[in-house]
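These numbers come from a predicted model, not from an experiment. Computed over heavy atoms, backbone and side chain alike; hydrogens, waters and symmetry mates excluded.
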Amino acid sequence: MGRLAAALAAVAVLCVTLAAGAEVVDEFGGGASFIFGDSLVDAGNNNYIPTLSRANMTPNGIDFAASGGAPTGRFTNGRTIADIIGEMLGQADYSPPFLAPNATGGAILNGVNYASGGGGILNATGKVFVNRIGMDVQVDYFNVTRGQLDALLGRDRAREFLRRKAIFSVTVGSNDFLNNYLMPVLSTGTRIRESPDAFVDDLIFHLRDQLTRLYTLDARKFVVANVGPLGCIPYQKTINRVGEDECVKLPNQLAAQYNSRLRELIIDLNAGLPGARFCLANVYDLVMELITNYPNYGFQTASVACCGNGGSYDGLVPCGPTTSLCDARDKHVFWDPYHPSEAANVLLAKYIVDGDSKYISPMNLRKLYSL
């Protein structure tokens, strides 16, 4: 009986050990999304800072079911692309904004959103808004979260959780052009000092450093979005007075130039950072597909903002309580002068999660998450 008892005890210990190991991987269910970037994915961080870049007023969020249609600080009528991707990958709840009071304790096991409207790769980007949270500070904020995870789970379990269950999404770069290099008057000095090549070099240099810092903090699974066709947004089309089927050339050329360098950076990081997987989301071509063939996707317009005022495309005045609002929100590719509608975000998210290498490479997010 002594030997049998000892054997049973050994089996019990083995089962507990295996269960503990499984707990690290499986207790967190749908995993987590740690979200970095700008207003395309801001979930409300700018509500907590004094800034001119805010979406905490109606009718923003009118179709956001989780808030009952109340504004949350998201720069769209419903969910951001980051929200939708989290849902598609089985995340239990939306990643809370880092600055929100509820971004503590067990809530951070769903991930955390650090994105900020007006933020960019460069610290100087978005200064026209007075305050915004650039990528350098967003990575600093993740370092705070990293310490919270260690306290919550213990260092070893926190490392395992981040490396196996967390996706790090980075959607940034648009403001570095729109609210820095291309900004009328304010950017004149920068454009005289720096050629487009030199400016793009500066962006890539800083982004490389930011992504590498995240890697040193145990981030391993990344999706990095390139910059969309900036010359096709209602704001740019309005101020440059182009036709409905036209886009402004210079912003699109700059975006394409940056995107080419970003692809090279992603290849370098995949080769140079052991254990890391970087995926490139080809947002530029995805959005161009929607804009070019919008009737095929059920949209009525890819030029006019649903919520905004000014010019042929309602592209001058940001969405707010006094601006015009369209009747069919799901028929507009653009919600406001700058941002996609929830209907457009749903389509973009589907291609990034389950699409082929034309739009997400070297693998889609569902495959990345399963690794």
Side-chain angles (χ1 to χ4, degrees), residues 20-37 41 81-82 85-86 88-92 95 98 103 107-115 121 135-136 138-173 204 206-226 262-282 349 352-355 357 360-371:
E23 185 182 42
V24 172
V25 179
D26 296 328
E27 71 172 302
F28 306 110
S33 294
F34 292 91
I35 299 160
F36 303 81
V41 289
I81 188 171
I85 287 172
M88 293 181 70
L89 293 178
Q91 190 176 324
S95 304
F98 174 81
I108 67 176
L109 297 180
N110 288 308
V112 177
N113 187 312
Y114 307 90
I121 296 169
M135 271 295 293
D136 279 342
Q138 291 183 37
V139 177
D140 290 342
Y141 283 168
F142 175 70
N143 194 26
V144 174
T145 301
R146 185 69 186 79
Q148 293 172 335
L149 287 167
D150 282 349
L152 195 64
L153 303 174
R155 175 166 283 278
D156 290 343
R157 293 177 71 223
R159 182 184 299 113
E160 184 81 355
F161 167 67
L162 288 170
R163 293 186 176 189
R164 300 189 65 176
K165 299 294 285 184
I167 296 235
F168 289 75
S169 70
V170 179
T171 305
V172 73
I204 295 297
H206 283 86
L207 184 60
R208 179 190 295 272
D209 179 67
Q210 291 152 0
L211 295 174
T212 303
R213 284 177 61 203
L214 288 173
Y215 173 84
T216 65
L217 294 168
D218 291 316
R220 289 297 181 270
K221 299 178 181 181
F222 294 84
V223 56
V224 182
N226 66 13
L262 178 63
R263 180 174 291 278
E264 294 172 1
L265 174 62
I266 296 301
I267 292 170
D268 287 348
L269 292 174
N270 273 324
L273 297 179
R277 300 293 183 99
F278 286 84
C279 292
L280 178 64
N282 186 4
I352 292 171
V353 173
D354 291 312
S357 59
I360 178 79
S361 61
M363 66 187 76
N364 62 40
L365 253 62
R366 198 172 299 281
K367 291 179 181 176
L368 177 67
Y369 179 67
S370 70
L371 295 177

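Considering Arg164, Arg157, Arg163 in turn, Arg164 is the only one that fulfils the salt bridge (charged side-chain N to carboxylate O under 4.0 Å, His left out) rule with Glu160.
When all heavy atoms of Ala82 and Ile35 are compared, the pair lying nearest together is CB-CD1, 3.7 Å. For the residue pair Asp354 and Arg366, the shortest heavy atom distance occurs at OD1-NE, 2.5 Å. Heavy atoms only, all atoms of each residue included: Gly173 and Ile121 are closest at CA-CD1, 4.2 Å. Of all heavy-atom pairs spanning Ala115 and Asn113, the tightest one is N-OD1, 2.9 Å. When all heavy atoms are compared, the tightest approach of Gln91 to Ser33 is OE1-OG, 2.7 Å. For Ala158 against Asp150, the heavy-atom pair with the smallest separation is CB-OD1, 3.3 Å.
With rounding to the nearest 0.5 angstrom, the CZ atom of Phe142 is 6.5 Å from the CG atom of Leu149. Here the CG atom belonging to Leu109 is positioned 11.5 Å from the NZ atom belonging to Lys165, to the nearest 0.5 angstrom. Remark: Phe161 CZ to Asp218 CG distance equals 12.0 Å, nearest 0.5 Å. Of the inter-residue distances, the one linking Leu280 atom CG with Arg263 atom CZ reads 5.0 Å to the nearest 0.5 angstrom. To the nearest 0.5 Å, atoms CG (Leu211) and CZ (Arg213) are separated by 10.5 Å. Taken from CZ in Arg208 to CD1 in Ile204, the straight-line distance is 8.0 Å, to the nearest 0.5 Å.
Contact check for Met363 versus Leu371: side-chain heavy atoms found under the 4.5 Å cut-off. Side-chain atoms of Val223 and Ile360, non-hydrogen and from C-beta on, do get closer than 4.5 Å to each other. At least one side-chain heavy atom of Asn282 sits under 4.5 Å from a side-chain heavy atom of Asn226. Within the 4.5 Å cutoff, no side-chain heavy atoms of Cys279 are placed close to those of Ser361. In this structure the side chain of Leu269 never reaches within 4.5 angstrom of the side chain of Val224, judged on heavy atoms. The shortest side-chain heavy-atom distance between Ile167 and Ile85 does not fall under the 4.5 Å cut-off. Using a 4.5 Å cut-off on side-chain heavy atoms (C-beta onward), Phe34 and Leu217 make no contact. Residues Phe278 and Leu273 have side chains in contact (heavy-atom distance under 4.5 Å, counting atoms from C-beta outward).
With Tyr215 as the aromatic partner, Arg220 meets the cation-pi criteria of under 6.0 angstrom to the ring centre and within 45 degrees of the ring axis.
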Could you walk me through whether Arg146 and Leu162 pass the side-chain contact (heavy atoms from CB on, under 4.5 Å) test, one step at a time? CA-CA 9 Å; Arg146 185 69 186 79; Leu162 288 170; 3.3 Å; yes
Could you walk me through whether Leu153 and Arg159 satisfy the side-chain contact (heavy atoms from CB on, under 4.5 Å) test, starting with their C-alpha distance in whole Å, then the side-chain angles of each, then the deciding distance to 0.1 Å, before giving a yes or no? CA-CA 9 Å; Leu153 303 174; Arg159 182 184 299 113; over 6 Å; no
Applying side-chain contact (heavy atoms from CB on, under 4.5 Å), run through Glu264 and Ile267 and close with a yes or a no. CA-CA 5 Å; Glu264 294 172 1; Ile267 292 170; 5.7 Å; no
Applying side-chain contact (heavy atoms from CB on, under 4.5 Å) to Val144 and Phe98, what does each step give before you reach the verdict? CA-CA 10 Å; Val144 174; Phe98 174 81; 4.1 Å; yes
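Using bins of under 30°, 30° to 60° and over 60° for the plane-to-plane angle, the ring pair Phe36/Tyr114 lands in the parallel bin.
Residue-environment remark: CZ (Arg277) stays at or below the threshold of 12 foreign heavy atoms within 6.0 Å.
Under a 3.5 Å cut-off, the side chain of Ser95 and the backbone N or O of Asn110 do form a donor-acceptor pair. In terms of modelled atom types and a separation under 3.5 Å, the side chain of Lys221 and the main chain of Tyr369 share a donor-acceptor contact.
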